[in-house]
Amino acid sequence: MEKTLIILKPDCMEKRLAGAVLDRFQKAGFDIVAAKLTRLSPALLAEHYAHIADKPFFPALAKFMGSRPVLVAVLQGEGVIAKVRELLGPTDSSKAPKGTIRGDYGTDVSVNICHASDGPESAAAEIARFFKPDEVFA
Ligand code: UDP
Ligand code: MG
């Protein structure tokens, strides 16, 4: 069964929206098969955001993402990778339609509530980055 990795970002945790965001994923029919609270280190953020580590916004993004503990989870279900991205909406919260998670709760292009894997390869790599095999109850 398909799996994806999500991170409820510091703004989501600070606004106490973890339950509301997880509720959307669960109501869409997906199961939480792994979860933990963790504070992302600079080394882990450099690895997780390797595709944008050379961008001018990366230092601010890394500071934001490491600013407080985040909730990392694995969701499972048919078509979960694409469907979770659809539920999130586009990266820039200010352009995300109402009814999407980022459109309803996000702030801007950086502070946008939730990360989700963008394809099968990144999902596999990201799940392995955050969880040991026996921590995923697939
Ligand atoms: N980001 C940012 N400024 C930008 C683009 C992205 O701060 O101009 C941040 C934002 O938090 C985003 C993350 O970098 O969620 C990862 O970027 P990506 O392009 O992978 O977007 P996502 O997959 O999260 O929609
Ligand atoms: Mg991405």
Side-chain angles (χ1 to χ4, degrees):
M1 185 72 87
E2 192 171 288
K3 291 186 260 310
T4 196
L5 183 107
I6 60 161
I7 304 175
L8 301 186
K9 297 188 180 190
D11 57 321
C12 182
M13 303 308 288
E14 186 176 13
K15 290 173 163 168
R16 304 192 179 105
L17 289 169
V21 173
L22 290 173
D23 191 49
R24 294 207 186 188
F25 298 140
Q26 292 188 301
K27 288 224 165 81
F30 300 122
D31 293 306
I32 300 167
V33 295
K36 69 176 161 194
L37 211 62
T38 184
R39 191 151 179 183
L40 304 177
S41 69
L44 199 142
L45 283 163
E47 193 183 313
H48 180 71
Y49 284 130
H51 63 299
I52 49 174
D54 59 344
K55 304 276 191 208
F57 60 79
F58 178 73
L61 174 66
K63 191 174 172 200
F64 161 61
M65 287 299 294
S67 64
R68 64 167 65 220
V70 294
L71 197 153
V72 187
V74 178
L75 302 179
Q76 177 175 276
E78 205 174 307
V80 68
I81 297 172
K83 184 66 184 174
V84 164
R85 296 282 299 188
E86 189 184 313
L87 291 169
L88 281 189
T91 307
D92 189 345
S93 307
S94 68
K95 295 185 179 133
K98 289 294 162 201
T100 66
I101 290 166
R102 285 168 167 170
D104 289 346
Y105 302 129
T107 304
D108 54 32
V109 70
S110 192
V111 179
N112 60 6
I113 298 288
C114 183
H115 164 85
S117 307
D118 63 7
E121 280 168 29
S122 63
E126 290 175 1
I127 290 165
R129 181 171 302 137
F130 287 96
F131 294 99
K132 299 190 194 101
D134 70 353
E135 292 174 327
V136 180
F137 294 87

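Start at 1 and go down the list; that is how both ligands and their atoms are numbered.
For NZ of K55, the number of neighbouring non-hydrogen atoms (other residues, nucleotides, ligands) closer than 6.0 Å is 12 at most.
The immediate protein surroundings of ligand 1, defined as residues with any heavy atom under 4.0 Å of it, consist of K9, Y49, H51, I52, F57, L61, R85, T91, R102, V109, S110, N112.
Residue pairs meeting the ring-ring contact (aromatic ring centres under 6.0 Å, His included) criterion with at least one member in residues 97-138, sequence neighbours excluded: H48-H115, H48-F130. Annotation: ring-ring contact (aromatic ring centres under 6.0 Å, His included) contacts involving residues 8-36, sequence neighbours excluded, are absent.
The side chain to side chain contact (heavy atoms under 4.5 Å, CB included) test applied to T107 returns K15, V111, not counting sequence neighbours.
Rounding to the nearest 0.5 angstrom, the gap separating the CE atom in M13 from the CD1 atom in I113 is 11.0 Å.
In this structure, the side chains of L75 and I6 come closer than 4.5 Å at one or more pairs of heavy atoms.
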